[in-house]
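First up is the structure itself, then whatever we jot down about it.
Lettering follows sequence order; numbering is per chain, from 1.
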Amino acid sequence: MQALAPSDTLHQHFPQGLHFSLLKSSKTHQEIQQFHAFSLKTGIFTHLSVSSRLLSLYADPKINNLRYARSVFDRIEHPTLVLWNIIIKCYVENQRSHEGISLFTELLAHFLPDEFTFPCVIKGCAKLNALKEGKQIHGLVLKLGFGLDKFVQSSLVNLYSKCGEIGSAQKVFDEIDEKDLILWNSLLDGYARCGEVKVAMKVFEEMPEKDSYSWTVLIDGLAKSGEVETAREIFEMMPKRNIISWNTMINGYMKAGDVNSARKLFSQMSTRDLITWNSMIGGFELNLRFVEALEMFERMLKEEFRPSQATLVSVISAVSGLASLAKGRSIHSYIVKNGIELDGVVGTVLIEMYSKCGSIDSALAVFRTINHKKLGHWTAIIVGLSIHGMAEHALKLFLEMRKIGVKPNAITFVGVLNACSHAGLIDDGRGYFKMMINEYGIKPTIEHYGCLVDMLCRAGYLEEAKGTIEEMPMRPNKVIWMTLLSGARIHGNTKIGEYAAYNLIEVAPETIGGYVVLSNMYAVAGEWDKVSKVREMMKKRGLRKEPGCSLIEHRGMHHEFIVGDKSHPQTKEIYSKLSEMREKLKLAGHIPDTSQVLLYIEEEEEKEAELEHHSERLAIAFGLINVEAGCPIRIMKNLRVCNDCHSVTKLLSKIYSREIIVRDNSRFHHFKNGLCSCKDFW
DNA sequence: CAGTGATGGC
C-alpha cells in the first residue's frame, strides 16, 4: 500500500462527522476509539504523526486511558522521546508509578531524558516514596544540566517533602531564585507532613501569597501530626473552604479516632464527592465501626454515587471484620453485576473476606476467576487455606506461584509456615523458613517465629520450641507464649507449661487464657494448692473468665448465644435438640472430658451440664434445627474451643452428616465426617 | 504531541 501523507489521508478517508468532531478541542473516548480503529483499518496508523496524536489523546488527563495508550505505544516501532514522556506520565497518573519508572530506565537505553521527562518520573518516585531512586534521578538531573528548570525543581522539592527528607527539600528550595506559589506549597507540605508543626506555621505566615492548597496542606499536616484541634482552628479560619478542605478535615478526625466529629462535619457538607464517601467508609472501617461503614455504603448507593475500588476495599474489609457471610455475598454480587474488576486489591480483600467469613470454598472460587493473579491474590488464598487447616492445598498453590515466577513476600511465608505447621511438616517448615531468609532476603518477623514455635510444639518438640523462643532476636509476645502454653498443655508438660504461663502473665497480665490453662494443667496434675494460688492471683487482679459466646448467621440474621443461654425464642427446641444430641453422643461412646472446666465448678455433674451448655453447643443445636440440610453450619466464637466441644463437634459432624465450620479466636475448624481440619491441635 | 502543588484507596 502506498503511504500517504497523514493530512491527505484525513481529508480523503474521514467520514464527515467524525472528521469534524476531531477538530473539536475535547473528544469523547468513543470518538478517539473510532479514530483509532479507522487509523488501523486504513493503515494511516503507521504514520508517526497519527499514532502520536492517538497516544496523546488517550493520555489526556480527561480521558486518561492507560490501556489504550499503552496498546498504541506498543505498536509504534521507534517511539520518539516525546512519546516515551507521554506514556510514562500516563503510568504515573494511573497510580502505576512503578511501571512508569521501569519505562524510564528502558527509555535510557534509547535517549537521554529531557526537561519534560524528569518531572514525570520524579513525581512517580514521590508517589512511591522511592527516595533512593529519586536521589539517583536527582543526580542525573544535575549531570544533564536540568537543575535550573522550574518544573524539575518543583518536582524535586515535592519529592523530598513527600519522602520526609525536609532538609533536602529546604536545600533545593533555597537554591531557587524565583520562588512561585507552587514551590512554597510543596515546602509547606513537607514541614506539615513530617510533624514540624512550628516551622510549618512559620512558613505559612512567611509565604508571599496563599491559595487553597496552602490552607489544606497545613490542615492535613496538623491533623496527621496529632494536632486535630489546631487543624480545626485553621479550617475555621480558611477563607473559602472547598470540598477538599472538608474532606481533609474529615480524614483528620477519622485518623485521630474522632468518629463523631467526622460524622458531624459530613452531615454539614452541602456537596459531597466520592472522596468524602470513601473517607467516611474507610474511616469507619479503620475505627472498627463496621456496621456504620456498611450503613454509609448503603446510603452512598441510595444517593446514587458510584463506589470506586477504594470504596469496595473498605466495605469488604468491614464485612470481614463483622464476619458476615451474607453481607459479603451481597457485596460480591454487586461487584459482579457492575462488572468491577477483581484483578486488583478488590480481588485480594474478597478472598480474605470469604476466608475470614468461613467460606474457603468461595474464597477459592474468587481466586480461580481472577485472570491476572498477583502476589496479593496468591498470598490471600495461601493464608486463607492455612487458617482453614488446608495445608496441602496451600503448599501446592505456593509451589505453583513460585513456578510461574511470582515472588512471595513476608505475609505469604506466614501462610506457608502456618500450613506446614498444620500438616506437621516440620522439616519442610524449617526449609521454607531458611528459603525465606536466604532466597528472598526476607527478615523473619515475630509471626514467622510464631509459626516455627507452633510447628515444634505441635510435634512435641517442646524443648526446641522453648530454645527457639529464647534465641529469637525479638521480645516474645503474648501469641508466642500462648503457643508454647498450648503445646505444653496438649503434650502434658507441666514444667514448660508453667514456664510459658508465667511469661505470658508477665507480658500480658490481662490475658485470661494464661491463668485458665495454667490452672487446668495443675488440676489435671492434681496439684490443688497451685490451682487455688492461680485462682487467687486472678481474683486479686480482678480478672474473670470471659463468658464463651458463639454466633451463627442464618438468613442474614445473627443469632448470638452465651453459655447456658435461655433467651433465644427457639430455646425450647434448642434444649430438646441438646438432649437428643446427648443421647446420640452417648450411643457413639462419648465420655465427657471435664478437664477444661475445673476452675470454677466442683461437682462432676455440674461440670458435665456446663459443658453441654457451652455456647457453641447451643449454636450447633440451632444450626441443626434451622440451617437447610446439606449446607454447612458456620459458627464463630470468641474463645478457644474447649477439648470436649472439639471432640463432640467431630462426632456430631458424623452423626448428623453435617459439615460444621467453627471460627475460634485464631483459626477455623472444619468438622467433617468425624474429623477436624486442625488435626486436633489448636 | 509533553512537564510542577492539596483530600480517599494501593
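Neither side chain, D74(A) nor S71(A), offers a donor N or O lying under 3.5 Å from an acceptor on the other. Of the N and O atoms on the side chains of N371(A) and D343(A), not one donor lies less than 3.5 Å from an acceptor on the other residue. The closest side-chain donor-acceptor pair between S186(A) and D189(A), if any, does not fall under 3.5 angstrom. In summary, the side chains of D174(A) and Q170(A) do present a donor paired with an acceptor at a separation below 3.5 Å, with no hydrogens or angles considered. A donor and an acceptor atom, one from each side chain of N65(A) and D60(A), are nowhere located under 3.5 Å apart. Side-chain atoms of S308(A) and N278(A) include a donor-acceptor pair closer than 3.5 Å. Counted by atom type alone, S155(A) and N158(A) present zero donor-acceptor pairs between their side chains at under 3.5 Å. For the 3.5 Å distance criterion, the side chains of S39(A) and R53(A) fail to qualify, holding no donor opposite an acceptor. A donor and an acceptor atom, one from each side chain of T445(A) and E447(A), are located under 3.5 Å apart. A donor-acceptor contact closer than 3.5 angstrom links the side chains of H36(A) and Y58(A). Y160(A) and H138(A) form a side-chain donor-acceptor contact under 3.5 Å, judged by distance and modelled atom types alone.
Contacts of T216(A) with the nucleic acid, taken as non-hydrogen atoms under 4.0 Å apart, include base atoms. Base contact: N85(A) has a heavy atom under 4.0 Å from a base atom. Using a 4.0 Å heavy-atom cutoff across all strands shown, K210(A) reaches no nucleic acid atom at all. Heavy atoms of R96(A) sit nowhere under 4.0 angstrom from any nucleic acid atom. V345(A) comes within 4.0 angstrom of sugar-phosphate atoms only, judged by non-hydrogen atoms across all strands, and of no base. S214(A) comes within 4.0 angstrom of nothing in the nucleic acid, heavy atoms only. In this structure, K374(A) reaches neither bases nor backbone, as no heavy-atom distance under 4.0 Å exists between it and the strands shown. Across all strands shown, L181(A) has heavy atoms under 4.0 Å from base atoms, whether or not it also approaches the sugar-phosphate.
Applying a 4.0 Å cut-off to non-hydrogen atoms, the residues of residues 296-311 of chain A that approach DNA chain B are S308(A), A310(A), listed by residue number. Near DNA chain B, defined here as any heavy-atom distance below 4.0 Å, the residues from residues 260-277 of chain A are L274(A), I275(A), listed numerically. Listed by residue number, the members of residues 138-156 of chain A with any heavy atom below 4.0 angstrom from DNA chain B are D149(A), F151(A), S154(A).
Between chain A and DNA chain B, the heavy-atom contact criterion of under 4.0 Å yields a 5' to 3' nucleotide range of dC1(B) to dC10(B).
Listed by first then second residue, pairs satisfying side chain to side chain donor-acceptor pair (under 3.5 Å) with a partner in residues 103-121 of chain A read N85(A)-D114(A), N85(A)-T117(A), D114(A)-T117(A), not counting sequence neighbours.
Take Y440(A) and apply the side-chain hydrogen bond (donor to acceptor under 3.5 Å, both in side chains) test, not counting sequence neighbours, and it matches R402(A).
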